[in-house]
Amino acid sequence: MFTIGERMETLTGLNIKNSKIFKDFFEENFSSIVLFADRYLKNIDIATDIAQECFIRLWHSNIDFQSVEKLKGFLYTLARNLSLNQIKHAYVVRIYEQNELLESELFFRDSVIEEETYILMHKAIESLAPQSKKIILLSLQGLSNQEIADKLFISLNSVRTLKQNAYKKLKGLLKDHFYLIFFLLKD
């Protein structure tokens, strides 16, 4: 315990930023601030960082404290606020990481589904008659019926008929994979 004279000397020294008095005050109170912050954080390393930040802010503050108790109150309040901010930040980081993991898992799932769909669809297309297969592949490339007819040197009606018959066969082959039908039906 300090005498009244020592308390005033400490307070004056801290207010004028006397490095020796600040060092002594730091050494006497640092562990208390660490333990206080650790009650919130349950992580001694982060609590130590927060206690250091409290003393850094005390050193850089322009506040003239009227009593050692008010100065300590400042440190404890600052430690509490920084600890709560750390908890909020950790929560935001955790939510972000969970969202990133979920997006990664969804991307993986979607990629697998897309690849498997591609394989199933192309196996079914490979089983078509050669002319029907060409028409479906050109259609999947985005060519119109007229463009397909021009490219294969056949009539527009032949393209429509062969395409319609090919779709019927593909629907039968892919009946267990109904989601592909929607993809195939786009014209």
Side-chain angles (χ1 to χ4, degrees), residues 26 30-61 74-152 159-160 162-187:
F26 173 86
F30 182 73
S31 60
S32 298
I33 300 299
V34 170
L35 294 174
F36 179 76
D38 189 49
R39 287 184 183 158
Y40 287 94
L41 301 167
K42 310 293 188 234
N43 183 319
I44 198 72
D45 293 330
I46 297 173
T48 301
D49 291 344
I50 284 180
Q52 288 174 349
E53 180 64 24
C54 290
F55 281 94
I56 289 169
R57 290 187 185 191
L58 173 62
W59 180 259
H60 290 291
S61 75
F74 169 81
L75 288 173
Y76 283 109
T77 300
L78 188 55
R80 181 197 66 207
N81 291 343
L82 291 173
S83 296
L84 293 175
N85 286 345
Q86 176 62 35
I87 291 167
K88 288 177 194 173
H89 176 72
Y91 175 76
V92 169
V93 167
R94 192 169 43 253
I95 294 298
Y96 176 79
E97 288 171 347
Q98 288 172 348
N99 286 341
E100 286 293 311
L101 180 62
L102 179 61
E103 287 179 22
S104 173
E105 289 172 0
L106 291 175
F107 175 77
F108 174 75
R109 183 203 66 198
D110 291 348
S111 296
V112 169
I113 290 171
E114 184 179 333
E115 188 61 30
E116 289 299 312
T117 300
Y118 179 80
I119 290 168
L120 287 170
M121 188 175 73
H122 278 279
K123 278 184 181 179
I125 291 170
E126 287 296 321
S127 71
L128 296 173
Q131 192 73 341
S132 295
K133 178 179 154 183
K134 287 179 193 174
I135 290 171
I136 293 299
L137 289 174
L138 291 171
S139 179
L140 289 175
Q141 291 175 11
L143 273 64
S144 70
N145 287 346
Q146 185 61 57
E147 291 170 326
I148 294 170
D150 294 343
K151 189 166 188 120
L152 297 178
V159 170
R160 287 183 183 141
L162 288 169
K163 194 181 209 184
Q164 188 175 31
N165 291 339
Y167 279 151
K168 283 180 187 174
K169 184 170 183 187
L170 288 173
K171 285 178 189 177
L173 291 170
L174 298 171
K175 69 180 177 216
D176 294 332
H177 309 284
F178 68 93
Y179 53 89
L180 292 177
I181 294 170
F182 296 112
F183 181 73
L184 292 173
L185 288 178
K186 67 176 188 164
D187 269 328

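None of these values were measured; they are calculated from a predicted model. Every heavy atom of this structure was used, including side-chain atoms; hydrogens, water molecules and symmetry mates were not.
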Separation between CZ of R160 and NZ of K163, rounded to the nearest 0.5 Å: 9.5 Å
Side chains of residues 81-93: which donor-acceptor pairs under 3.5 Å do they make with residues two or more places apart or in other chains?
from, atom 1, to, atom 2, distance (Å)
N81, ND2, T77, O, 3.4
S83, OG, A79, O, 2.7
N85, ND2, N81, O, 3.4

Strictly distance-based, threshold 3.5 Å: is any side-chain N or O of K171 a donor or acceptor partner for the main-chain N or O of A166? no
Just verifying a value: how many Å separate L170 CG and L120 CG, rounded to the nearest 0.5 Å? 12.0 Å
pair S127-L173: side-chain heavy atoms closer than 4.5 Å: yes
Under a 3.5 Å distance rule, please check whether D38 uses its side chain to pair with a backbone N or O of N43 as donor and acceptor. yes
Apply side-chain contact (heavy atoms from CB on, under 4.5 Å) to the pair I136 and L162, showing each step before the final yes or no. CA-CA 9 Å; I136 293 299; L162 288 169; over 6 Å; no
Between OH on residue Y96 and CG on residue L101, distance to nearest 0.5 Å: 12.0 Å
Minimum-distance pair of heavy atoms, taken over all atoms of E147 and G142: OE1-O, 4.2 Å
OG of S32 to CG of L75: how many Å apart, nearest 0.5 Å? 10.0 Å
Will you find, in the side chains of Q146 and D150, an N or O donor that is under 3.5 Å from an N or O acceptor? yes
Tell me the closest heavy-atom pair linking K151 and L143, and the distance in Å. CD-CD2, 4.1 Å
Any idea which heavy atoms bring I148 and I135 closest together, and the distance? CD1-O, 3.7 Å
Do you know the tightest heavy-atom contact between R80 and Y40? CG-OH, 3.0 Å
Indicate every side-chain donor-acceptor pair of residues 48-60 with a distance under 3.5 Å to a residue at least two apart or in another chain.
from, atom 1, to, atom 2, distance (Å)
T48, OG1, I44, O, 2.7
E53, OE2, R57, NE, 2.8

Hey, could you give me the CG/CZ distance between L102 and F107, rounded to the nearest 0.5 Å? 14.0 Å
Between I125 and L140, is there a side-chain heavy-atom distance shorter than 4.5 Å? yes
Kindly compute the distance separating OG (S132) from CG (N165), expressed to the nearest 0.5 Å. 6.5 Å
